[in-house]
Number of protein chains: 2
Amino acid sequence: MMREGVDAVTMRSVASACGVTPMAIYSYYDSSAEMRRAGVDFSLRRVRTPPFEGSVVSRLQHWGHATRKVLRRRPDLAAICLTDWPELPEGCRVMEGLLVVAAEHTAESAGQVQIANTVFVYVLTRVIAERAMVERRTRPNLPAVAATPRRFARLVDVQSEFKRLDVDRDFATGLDALLDGLLR
Amino acid sequence: MMREGVDAVTMRSVASACGVTPMAIYSYYDSSAEMRRAGVDFSLRRVRTPPFEGSVVSRLQHWGHATRKVLRRRPDLAAICLTDWPELPEGCRVMEGLLVVAAEHTAESAGQVQIANTVFVYVLTRVIAERAMVERRTRPNLPAVAATPRRFARLVDVQSEFKRLDVDRDFATGLDALLDGLLR
DNA sequence: ACCTGAACACCGTTCAAGT
DNA sequence: ACCTGAACACCGTTCAAGT
């Protein structure tokens with residue numbers, strides 16, 4: 001079975017790593033979920049706030065690319081971030097940074113939240129989706145299509161294209177289009 | 001702890017529901033992951049293929065809204081779909097449907113894949129992200145901000161706006177912008 | 001082919017007890 | 001406040017055995 005990523009940090013695994021009994025951890029965290037969150041929060045320190053110079057668009061662009069780079073190798077982190085950032089001090093720090101930039105584009109708080117949140121969610125969900133695409137590449141593929149190719153005419157034709165998807169370019173163009181629409 | 005959604009369908013839980021020993025299930029599935037996938041595949045039958053009438057844009061739009069409606073209440077399903085659709089017969093069926101529509105826009109298979117995949121991924125990731133936002137609404141919020149409000153000036157200002165995010169409108173405008181950029 | 005039963009190596013968490 | 005130890009209710013999976 002072999003757990004990986006944050007799934008590998010369990011009460012029992014960190015307890016034994018610390019040379020301590022699992023129950024000792026309850027003195028510091030109320031539950032395994034809270035302990036895991038603390039670990040994610042720590043890792044999130046590698047995510048920087050947007051740069052201070054440049055236009056709003058370019059600052060958000062740079063932040064997006066830089067953040068993607070950091071989270072790419074830990075997509076499980078991105079998933080937890082998506083749901084739990086308000087619980088995480090570092091998550092709030094990142095969101096604060098995005099809001100500061102957004103505030104330069106509009107004075108309305110609703111607009112600021114829409115900009116900051118959309119950009120944050122875009123980067124996080126792209127990282128999650130890209131992970132899925134990359135894993136798809138390395139797997140033997142489409143057993144259902146192999147079994148009954150008649151039902152999947154188009155899929156048979158384009159099957160190999162899925163392995164060639166350019167995630168870097170798609171991320172960039174998607175982000176550009178998003179910022180364009182958001183800050184029109 | 002209380003598992004929910006697909007996490008609740010475990011070897012042992014379905015075994016006892018079937019009045020059978022956990023080991024009996026290994027006669028049908030090689031692992032718990034495969035059994036879970038079969039369950040997800042079954043649920044996916046509620047996702048329809050795009051309609052046959054209308055422009056390419058409107059057909060993809062309709063599909064997006066309809067699919068979101070189905071998956072909204074089962075976001076855990078969306079997450080598995082994102083990574084495992086090629087393994088799922090029903091996942092392939094849905095992708096085939098999208099490719100058929102995309103083929104009417106361009107003859108190049110690379111372009112077809114980009115359109116079908118982007119739309120599919122958009123809907124799935126939005127469903128996942130929306131779940132996170134909705135859960136955020138019901139939770140007591142931002143403990144880090146409450147502890148040191150000085151560090152989060154903008155977040156303090158706009159905090160309540162996060163609970164007012166209009167996920168329906170954001171989904172629609174995001175999809176429109178995406179299709180616009182994709183099929184320009 | 002399909003199923004059982006006992007076992008192993010894991011989880012999180014509670015409870016009572018120690019310092 | 002911090003930690004232990006035993007216990008409980010879960011997981012998935014292996015192995016040997018039965019029909």
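Just so it is clear, the structure is predicted and the values come from calculations on it, not from any experiment. Letters A, B, ... mirror the listed sequences (proteins, then strands); counts begin at 1.
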Exercise. Taking atom C1' of dT13(D) as reference, at what distance in whole Å does atom CE of M35(B) sit?
Worked result: 13 Å
Exercise. For dT13(C), does either OP1 or OP2 sit under 4.0 Å from a side-chain N or O belonging to S32(A)?
Worked result: yes
For this session: Check the distance between dT13(D)'s C1' and Y29(B)'s OH and give it to me in whole angstrom.
Result: 18 Å
Exercise. Which nucleotide in the list dC3(C), dA6(C), dG12(C) gets nearest to the side chain of S27(B)?
Worked result: dC3(C)
Problem set entry | Taking every non-hydrogen atom, the tightest pair across L44(A) and C81(A) | CD1-SG, 3.6 Å
Problem set entry | Value in whole Å for how far the C1' atom of dA1(D) lies from CG of D30(A) | 14 Å
For this session: Please work out if T21(B) contacts a base, only the sugar-phosphate, or nothing of the nucleic acid, heavy-atom cut-off 4.0 Å.
Result: base
Seminar exercise, completed: Among the nucleotides dC2(C), dC2(D), dG5(C), whichever has the atom closest to the side chain of Y28(A) is dC2(D)
Exercise. Taking for each residue the nucleotide of DNA chain D bearing the nearest heavy atom, is the 5' side occupied by R12(A) or by I25(A)?
Worked result: I25(A)
Seminar exercise, completed: Per nearest nucleotide of DNA chain D, the residue lying toward the 5' end, R36(B) or P22(A), is P22(A)
Problem set entry | Separation of dG12(C) C1' from E4(B) CD (nearest whole Å) | 16 Å
Exercise. Closest approach of R68(B) and D168(B), non-hydrogen atoms and distance?
Worked result: NH2-OD1, 2.7 Å
Exercise. If you look at every heavy atom in I115(A) and H105(A), which pair is closest and at what distance?
Worked result: CD1-ND1, 3.8 Å
Exercise. For dA7(D), which nucleotide is its Watson-Crick or G-U wobble mate, given both distances must be under 3.5 Å?
Worked result: dT13(C)
For this session: Report which part of the nucleic acid Y26(B) touches: base, sugar-phosphate, or nothing (heavy-atom distance under 4.0 Å, all strands).
Result: base
Exercise. Base, sugar-phosphate, or nothing for M11(A), non-hydrogen atoms under 4.0 angstrom?
Worked result: sugar-phosphate
For this session: Take atom CD of E34(A) and atom C1' of dT13(C), then tell me their distance rounded to the nearest Å.
Result: 14 Å
For this session: Give a yes or no answer on whether the side chain of E90(A) reaches the backbone of S43(A) with a donor-acceptor pair at less than 3.5 Å.
Result: no
For this session: Hey, can you tell me if Y122(A) and F171(A) have their rings parallel, tilted or perpendicular (30° and 60° cut-offs)?
Result: tilted
